[in-house]
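Written out below as structure tokens is the structure these notes cover.
Remember, it's 1-based here, ligands and their atoms both numbered in the order they're listed.
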Amino acid sequence: MTNIATTLLAQLDNTSLRQLRGIAAVAEIHGAQTYLVGGAVRDALLGLPVADIDITVVGMTSGLPRGVARALNGRVVAHSQFNTFAINAAGRHIDLAMARHESYTQPGALPTVVPGTIQQDLARRDFTINAMAVSISTGSFGDLLDPFQGQADLEAGKVRVLHDESFRDDATRILRAARYAVRLGIELEAHTEQILRRDASYLDTISPSRLRDEYMRVLREGRAVSTIEMLHTLGALRPVHPALTLSGEMLAALRRAEQTTHADTHLIYLCLLSHSLSQSERQSLIIRLALSSDQAEAINDTGFVADRIPELEQELSRSEIYLCLREFSEASILACALISNDSAASQSMMLLLDELRHIRTTLNGNDLVALGVPQGPRVGVLLHELLVARIDNEVKTRQDEIDFIQARL
Ligand code: CTP
């Protein structure tokens with residue numbers, strides 16, 4: 001049995017290590033064995049810091065999760081079916097799950113779950129590199145269970161499924177395969193790629209919320225654009241939605257988006273990917289991925305902003321640009337600017353985002369009333385006119401603003 005205690009210890013900070021010891025101690029009192037599983041083992045073997053702690057428990061008892069939470073001075077924050085518990089302690093998130101055996105009655109459906117051995121728990125997983133466990137129990141701390149040669153695949157740089165039905169059982173693994181390959185700079189093992197291409201249409205079997213969650217994980221990855229490119233090459237973008245494709249123009253814009261410092265880059269990617277869709281295709285994408293209102297708004301706005309591009313290609317004043325675009329979300333405007341790179345329209349959109357959107361009048365409604373504007377709708381009208389004048393640099397100082405209002409009284 002390979003023991004990777006030294007490798008593991010090098011990737012755990014003191015808090016995580018203390019927590020692992022605490023979990024193992026409580027589990028022993030309950031007669032259970034505990035294993036660190038999944039991404040944590042993979043990342044430790046790659047020499048990457050272990051962020052999330054995923055624990056599988058063989059011999060789970062009803063009191064164990066609360067016992068662990070108490071020992072770690074934390075609390076159980078979620079409890080799902082299948083005996084899976086989320087614990088927050090010392091600002092860390094720990095998942096504690098009963099070792100389980102799964103079988104799929106139909107593609108994409110949630111599996112039938114019964115308590116299982118650690119080997120059965122590993123056998124239900126997506127890829128060999130994610131199907132390893134390390135014992136954290138005292139006496140066997142660091143023992144590596146690697147029934148599918150995940151360590152060898154990590155060293156060879158291969159993402160490999162455990163069996164031929166894997167993508168049919170759970171087609172979100174298609175998106176996950178590309179995500180891991182790109183993130184870890186490794187490749188899909190040849191047979192895995194073959195069955196992924198064969199089974200790409202099984203993405204149809206995935207519920208909107210699960211598909212959205214995995215798709216958003218793709219868009220939030222550091223190297224999202226390469227992952228999207230890979231999914232496109234594998235024929236796995238259209239099955240997410242038939243209208244999704246990746247033109248050369250779109251890819252170039254996605255690459256430019258990758259260079260921006262925008263906080264919500266994933267939203268810009270979403271806007272760019274939906275940029276050439278028709279209105280009805282946009283609506284069906286929103287439904288297919290059960291998108292949130294922010295995400296749906298960004299996609300819809302992209303259509304509206306794209307419709308305004310011919311107008312924005314004309315020579316417009318600063319305030320005309322502002323009035324043309326002011327109601328749309330930042331991500332949608334930035335996406336359209338990136339796709340119509342360097343055109344007059346793109347320059348106008350960047351001017352709006354970088355400067356015009358941030359311009360404010362110094363006077364507010366109360367100031368206008370104090371200057372003698374009667375309370376009521378006229379206050380709003382004059383504030384708007386004042387803002388337009390400020391955007392066009394017709395007024396520059398507070399005194400200019402006062403003069404502007406008084407001239408209209
Ligand atoms: N898993 C799986 N099939 C899925 C989702 C998850 O087999 N569709 C298993 C894998 O063993 C995975 C573990 O559950 O390692 C945890 O899932 P998740 O948190 O999604 O992945 P991580 O491996 O932690 O990867 P990441 O670094 O992307 O969070």
Side-chain angles (χ1 to χ4, degrees), residues 11-12 16 35-57 78 80 82-87 92-104 107-111 113 116 118-134 144-151 153-154 159-186 192 195-196 199 202-203 205-207 209-224 226-227 230 236 240 266:
Q11 302 310 329
L12 290 169
S16 295
Y35 298 87
L36 187 64
V37 290
V41 180
R42 176 197 70 219
D43 288 345
L45 286 171
L46 285 169
L48 301 171
V50 170
D52 292 332
I53 293 187
D54 258 335
I55 302 289
T56 293
V57 182
S80 78
F82 313 144
N83 262 337
T84 304
F85 300 84
I87 293 173
R92 305 293 171 91
H93 180 91
I94 299 162
D95 279 326
L96 208 62
M98 168 192 79
R100 64 207 223 200
H101 175 57
E102 283 181 353
S103 53
Y104 288 84
L110 284 177
V113 171
I118 185 68
Q119 283 77 12
Q120 286 170 326
D121 192 277
L122 294 177
R124 72 178 173 86
R125 291 175 184 263
D126 49 4
F127 307 112
T128 62
I129 58 171
N130 285 344
M132 293 180 273
V134 178
L144 176 69
L145 274 73
D146 181 14
F148 303 99
Q149 287 76 50
Q151 191 175 14
D153 277 340
L154 262 189
V159 177
R160 185 194 307 267
V161 284
L162 307 192
H163 58 86
D164 281 10
E165 301 303 302
S166 185
F167 295 120
R168 294 184 177 187
D169 284 347
D170 177 1
T172 62
R173 291 173 176 165
I174 292 170
L175 305 183
R176 296 171 65 85
R179 196 157 60 78
Y180 291 122
V182 170
R183 186 205 295 171
L184 304 175
I186 59 183
T192 297
I195 59 172
L196 185 153
D199 294 338
Y202 279 76
L203 279 163
T205 63
I206 303 301
S207 72
S209 57
R210 285 192 72 217
L211 192 59
R212 178 209 46 226
D213 288 350
E214 279 300 339
Y215 196 60
M216 287 302 150
R217 286 176 88 174
V218 167
L219 299 187
R220 286 195 164 95
E221 283 278 316
R223 300 192 56 215
S226 298
T227 314
M230 182 173 192
V240 171
H266 68 283

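We find that R168 and D199 are joined by a salt bridge, their nearest charged nitrogen and carboxylate oxygen being less than 4.0 Å apart.
Ring geometry, F127 versus F167: the interplanar angle falls from 30° to 60°, so the pair is classed tilted.
Applying the side-chain contact (heavy atoms from CB on, under 4.5 Å) rule to L45 yields the partners I4, V41, M132, Q151, L154; only residues at least two apart in sequence or on another chain are considered. Under the rule for a side-chain contact (heavy atoms from CB on, under 4.5 Å), the partners of S16 that lie at least two apart in sequence or sit in another chain are L12, D13, I53, R92. For D95, there are no salt bridge (charged side-chain N to carboxylate O under 4.0 Å, His left out) partners, not counting sequence neighbours.
For ligand 1, residues of the protein lying within 4.0 angstrom by heavy-atom distance are G38, G39, R42, D54, R125, D126, N130, D170, T172, R173, R176, R179, Y180, R183, R217.
By the 4.5 Å heavy-atom criterion applied to side chains, D170 and R210 are counted as neighbours.
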